[in-house]
Amino acid sequence: MTTPAPAQIPKQVTSEPLLAVASSYLRHADLEALERAFQMASRAHEGQFRKSGDPYITHPLSVATILAEWHLDAQALVAALLHDTVEDTALTAGDILRQFGKSVSELVDGVSKLDRLEFQTEQQAQAENFRKMLLAMARDVRVIMIKLADRLHNMRTLDAMSGDKQRRIARETLDIYSPIANRLGLHRVFQELQDLGFRFLFPNRYQVLTKAIKAARGNRREVVNKILLAINPRLTSFGVEAQVTGREKHLSSIYNKMLDKSLSFSQVLDIYGFRILVKDVPACYLALGALHTLYKPIPGKFKDYIAIPKANGYQSLHTTLFGPFGTPIEIQIRTHEMHKIAEAGVASHWLYKSSDTPLSDVQQKTHQWLQSLLEYQSESGDAVEFLEHIKVDLFPDAVYVFTPKGNIKSLPRGATPVDFAYDVHTDVGHRCVAAKINNELAPLRTPLSNGDRVEIITEDNAAPNPAWLNYAVTAKARSKIRHYLRTMLLDESVQLGQRLLNQALRALKAAPESIRDAQWEQLLKGDRCKTRAEVLAEIGLGRRLNVVVARTLLSRSDLPVAEGQQSITIRGSEGIAVQFAHCCRPIPGDPIIGIIRKGQGLLIHTQDCRAIRQYRSDPDKWVDVEWENATGKMFDVAIKLMVLNRRGVLATVASAIANAQSNIDSVSIAKPDGTYTEINFTVQVRDRAHLAILQHQLREIPEVVRMTRVQN
Ligand code: MN
């Protein structure tokens, strides 16, 4: 961007060209602010030069002047003057905030953010997403306008760059920026960006076409004048007051037409374009009728963009006629109001605002623009849909984020890394354990912002967590998580059901292995469950009693239950069908009991847990369970310590826990009360024996005055 100072002394740059344009519509105070911003930017860019050798300040000055030609408000012009200072000079966002206030500093920040985005891939679909990302990030339409003016000036001065750079910037302009200008209805900006892009991307074709057009011009003018002499009186005889002009075709549109329709240069140039401006909508249709009596219309070429406007608000009647020499004549008919919007789009509201409305905030302006578009076509039934269409593009309800490879994904607003992971692939979703956002680890629940670069970290044996449903927002992620949990619950329930059934059979003095298929078939006959697995799942989920099923299988409804029934064993790794109560947090070695939760499987409590007293009297509600030897899993226990307030006591406690081969899961420290502090730990242990070792270690610490395992 900057090069060494040129040999000759640069001439003094002043704000004169900008003020000359801005003074036609801005107030005195605004002009003063412009001058201050210009001075500030000049000092900041002092000693920096453009590739062309011009002092760098000529660039922001030109950008601001372009915006002044569009009649943008003073804040936008000030921001344009300062738009490169935060990135490229010693000035900070804070300096701008102090000097010019919040709005200006937000505009500068918005432009800087867009500058930092890099568009990498060459795919068409990615370009579309990138444009949407820019629009979404800008939030304020003025940021996009400043960015477009910035690009326009850079394109106008692209000659100074090397051929490689010219082509890259030209391609980017054609892929990203000129479509945005088109989207916003900034027709003139769109045309200029297209022509400049074409010129630098295809310099030879540009040369050839320019020469050819020049050569054909004289001849064309003659034809145009003849047609005008026929059209004008015809309109008058139909009582239409109109302003008729011949249109010169833009180079890039001639070229695109040649490509799109496989026409030769002379075929494209043989088409003559005219624009007819009238006072109101009825006059448009009247003019159309008048012209159709003059020359025959070419069938299939008529388009009514008044009834059905283009997505950027463009309205006109288009028709193509057989001209006097057999050449096609393209006609656009529109009102003066429609013409303003066709030329300037969203800028038309700054350009043509009535002088008595004060400069209000930009959202309101954009709203006015949308509103005015709506009014122009209130006759058409598609108005609401049309407005929705524009809104989606200008204020998208989506966030656009990068994958590690630079591709762009669109997700609904509020989406989290979990949504992103499932969008990449179901397997990535199921196995995701952590996420990096812009290279930093972030919780999976973090809402994503536009422009974030998201990377998902997976582990092979990881599984979806039910808690994800609290913050996953996409339908895809939610349904995949739900489906997974349901399937897992079912699998585990079948296994648990089998164990519960075996327990009941043994209690009835029957060996589980002795049950034959015929007995199962007998049971399933007339049952609402169709398969053995369904029956087992119902038992596991607590919807059916194991004893009842066992009795039915044995066809002995009166069989007494044997004393000292066997309990089922718990490994601790059962997952969803068997869970451990948070109130008492049982660990291996604790006497436990399984409470049957209807439809949710078993919840394991300690036998003395107060939360289960009500269930003990109802034998249908609980089952005897016991621990399997050496579960190999770690269990959470809560421990409360009362310690003396001494420096370093927490470190001593933490290292004692580590010495006992236990992990700290969480710690919270109550406010110290003079002498003592209460510390609450959640630590992980294998079983009661392991907990005893840990407790012993902690008691050894002199500062520990009391220790309790927290249950309930
Ligand atoms: Mn710039």
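Computed from a predicted structure; not experimentally measured. Counting starts at 1 for both ligands and their atoms, in listed order.
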| task | With the Mn ion (ligand 1) as the reference point, give the N/O/S atom of Asp84 that is nearest. | result | OD2
| query | Can an N, O or S atom be found in His153 less than 2.8 Å away from the Mn ion (ligand 1)? | reply | no
| Heavy-atom check, side chain of Asp109 versus side chain of Val86, under 4.5 Å | no
| Tell me, which N, O or S atom in Asp150 is closest to the Mn ion (ligand 1)? | OD1
Pair up each side-chain donor or acceptor in residues 434-446 with any protein partner under 3.5 Å, not counting sequence neighbours, and list the distances.
unit_1 : atom_1 : unit_2 : atom_2 : d
Asn438 : OD1    : Arg453 : N      : 2.8
Asn438 : ND2    : Asp452 : OD1    : 3.1
Thr446 : OG1    : Pro443 : O      : 2.6

| task | Enter the distance from His45:NE2 to Met40:CE here, rounded to the nearest 0.5 Å. | result | 10.5 Å
| said: I'd like to know whether Asn154 forms a side-chain contact (heavy atoms from CB on, under 4.5 Å) with His59, so could you lay out the CA-CA distance, the side-chain angles of the two residues, the decisive distance to 0.1 Å, and finally the verdict. | reply: CA-CA 8 Å; Asn154 284 335; His59 168 65; 3.3 Å; yes
| request: Measuring from the Mn ion (ligand 1), name the closest N, O or S atom belonging to His59. | output: NE2
